[in-house]
Amino acid sequence: MPMRAFSPLSIVVNLTVLLLVIVWTVPTAGLLISSLRDKDQISASGWWTALTGASRKDIFRAPGAEAQKQEGAVWVISGNLFNGGKGRVSAFGTSSLKPEEFRPGESATLKDGETLTVSETGDFRLSAPQSFEGARGQRIFFTSEQPPRFSFDNYRTVLTAEGMGQSFLNSLTVAIPATIIPILVAAFAAYALAWMQFPGRSLLIALIVGLLVVPLQMSLIPLLKMYNGVGAFFGVPSKTYLGIWLAHMGFGLPLAIYLLRNYIAGLPREIMESARVDGANDFEIFVKIVLPLSYPALASFAIFQFLWTWNDLLVAMVFLGTGNEELVLTGRLVNLLGSRGANWEILTASAFITIIVPLLVFFTLQRYLVRGLLAGSVKGG
């Protein structure tokens with residue numbers, strides 16, 4: 001059987017898909033591995049060395065004179081450099097200038113006849129012919145090989161944080177209505193712009209396309225002032241779920257109307273004309289014909305809108321607030337990181353916790369994604 005020849009276009013497409021898979025998979029794998037490592041491991045080596053162990057330089061201060069014991073004619077202070085942990089010492093020293101001066105098993109001579117011995121397992125022994133004096137113990141510089149170790153401590157820290165459950169519910173309360181409401185409004189508007197004739201329709205379509213390029217940050221403050229003014233007039237509090245639902249609806253409507261209008265405009269005209277001949281009005285056509293045929297486009301936009309609202313932090317903080325009862329999941333995770341963002345081992349675990357729900361939404365609706373996007377981008381009327 002002759003081998004099938006691949007066209008240049010198919011080769012390019014396959015290589016592009018492979019590149020995209022690699023670009024997405026490698027960082028995700030790194031994030032997952034880092035989320036199972038502690039802060040010291042992340043700081044000492046990259047995630048790609050997690051399975052081979054890592055070399056680490058550290059300082060240990062031995063106990064003071066209060067820990068000494070007399071063994072015959074000598075006084076001894078002993079212990080372990082790893083404090084009960086695991087590791088293998090490859091070198092040690094007593095000065096910051098020569099931190100790898102000695103090998104495990106060798107004896108280092110200190111002042112007043114004191115000697116220091118460190119084994120490969122991290123056990124050390126300080127001995128002296130006379131009693132140790134002074135409040136501070138001897139500093140020991142050492143280089144160790146740390147074995148690979150993984151734990152779920154980062155996930156426990158995130159999941160057991162105070163208020164995490166409430167923030168999770170807050171995010172669901174924000175994301176679900178903020179996804180459904182724009183879809184409902186945009187579907188009606190898209191049908192009107194696609195199949196109903198009225199003055200200014202083309203101008204309105206052009207205006208909606210223009211709104212796609214308006215940055216969210218530029219319109220956020222004016223929208224907030226307008227909402228606060230309307231709320232004050234009707235006596236409605238400024239920090240409510242209704243406010244953030246309306247804000248997300250406003251920011252998501254241009255893209256929703258654009259995608260849905262192009263898709264609905266590409267539906268067969270014969271179906272619409274047959275329905276009108278049978279006496280159906282626009283509302284019946286929309287509900288019974290257009291909506292069932294528009295599931296791919298609706299699902300495509302639902303994925304994007306849900307991902308945006310679920311991961312949003314800026315709009316949620318402005319329109320909902322930062323109190324413990326109103327804080328969304330992303331805001332709670334930001335607080336866990338600290339004011340300086342130092343606890344970045346928490347960030348890796350937080351990333352996987354936050355993507356669980358979006359992944360469920362994506363895999364549920366992904367079969368409609370490509371079909372809806374392609375149809376909404378090439379068809380028009």
Check the surroundings of atom CZ in F283: do more than 12 heavy atoms from other residues, nucleotides or ligands lie under 6.0 Å from it?
-> no
About how many Å separate CG of L32 and OG1 of T28, when rounded to the nearest 0.5 Å?
-> 9.0 Å
Residues joined to L203 in its hydrophobic cluster, side chain to side chain under 4.5 Å directly or through other members, sorted by chain and number, are none
What's the spacing between F92 CZ and L81 CG if we round to 0.5 Å?
-> 9.0 Å
Report all side-chain donor-acceptor pairs from residues 307-320 shorter than 3.5 Å, counting only partners two or more places apart or in another chain.
residue	atom	partner	partner atom	Å
T309	OG1	Q305	O	2.9
T309	OG1	F306	O	3.2
W310	NE1	T354	O	2.8
N311	ND2	L307	O	3.0
D312	OD1	V315	N	3.2
D312	OD2	V315	N	3.3
D312	OD2	A316	N	2.8

Do R61 side-chain atoms and G137 backbone N/O form a donor-acceptor pair below 3.5 Å?
-> yes
Reported CG-to-CZ distance for the pair D123 and F82, which is rounded to 0.5 angstrom | 9.5 Å
T115: side-chain contact (heavy atoms from CB on, under 4.5 Å) partners, not counting sequence neighbours | S127
So with a 6.0 Å cut-off around CZ of R276, is the heavy-atom count from everything else above 12?
-> yes
What is the distance from atom OG1 of T109 to atom CD of E114, rounded to the nearest 0.5 Å?
-> 10.5 Å
Is there a side-chain contact between W195 and I285 (heavy atoms, below 4.5 Å)?
-> no
Taking it one step at a time, do F124 and F60 satisfy ring-ring contact (aromatic ring centres under 6.0 Å, His included)?
-> CA-CA 11 Å; F124 70 90; F60 178 84; 5.4 Å; yes
Hey, does the side chain of R103 reach the backbone of S90 with a donor-acceptor pair shorter than 3.5 angstrom?
-> yes
ILVMFWY cluster membership beyond V23 - transitive side-chain contacts under 4.5 angstrom = L19
Would you list the atom pairs, donor with acceptor, under 3.5 Å between side chains in residues 173-184 and any protein atom, with sequence neighbours excluded?
residue	atom	partner	partner atom	Å
T173	OG1	L169	O	2.7
T179	OG1	A175	O	2.7

To the nearest 0.5 Å, tell me how far L327 CG sits from S171 OG.
-> 8.5 Å
Check: G163 main-chain N/O paired with Q166 side-chain donor or acceptor under 3.5 Å | no
Without placing hydrogens or testing angles, list every side-chain donor-acceptor pair under 3.5 Å for residues 211-220, not counting sequence neighbours.
residue	atom	partner	partner atom	Å
S219	OG	L216	O	3.3

Do any side-chain atoms of residues 94-101 form donor-acceptor pairs under 3.5 angstrom with protein atoms, and if so which ones, sequence neighbours left out?
residue	atom	partner	partner atom	Å
S95	OG	L97	N	3.1
E100	OE2	T143	OG1	2.8

Common cluster, I77/I59, ILVMFWY with side-chain heavy-atom separation under 4.5 Å | no
Who else is in V13's hydrophobic cluster (ILVMFWY, side-chain heavy atoms under 4.5 Å, direct or via others)?
-> L9, V17, V21
Partner set under side-chain contact (heavy atoms from CB on, under 4.5 Å) for T157, not counting sequence neighbours = I346
Show which residues join V76 in its hydrophobic cluster (side-chain heavy-atom contacts under 4.5 Å, direct or indirect), or state none.
-> V74
Answer yes or no: is there a donor N or O on one side and an acceptor on the other, between the side chain of R125 and the main chain of S78, under 3.5 Å?
-> no
Name all residues meeting the ring-ring contact (aromatic ring centres under 6.0 Å, His included) criterion together with F150; count only those two or more places apart in sequence or in a different chain, and write none if there are none.
-> none
What distance do S167 atom OG and L333 atom CG have between them, rounded to the nearest 0.5 Å?
-> 8.0 Å
Mind checking whether N154 and R37 have side chains closer than 4.5 Å, heavy atoms only?
-> no
Counterpart residues, ring-ring contact (aromatic ring centres under 6.0 Å, His included), relative to F141 (two or more places apart) = none
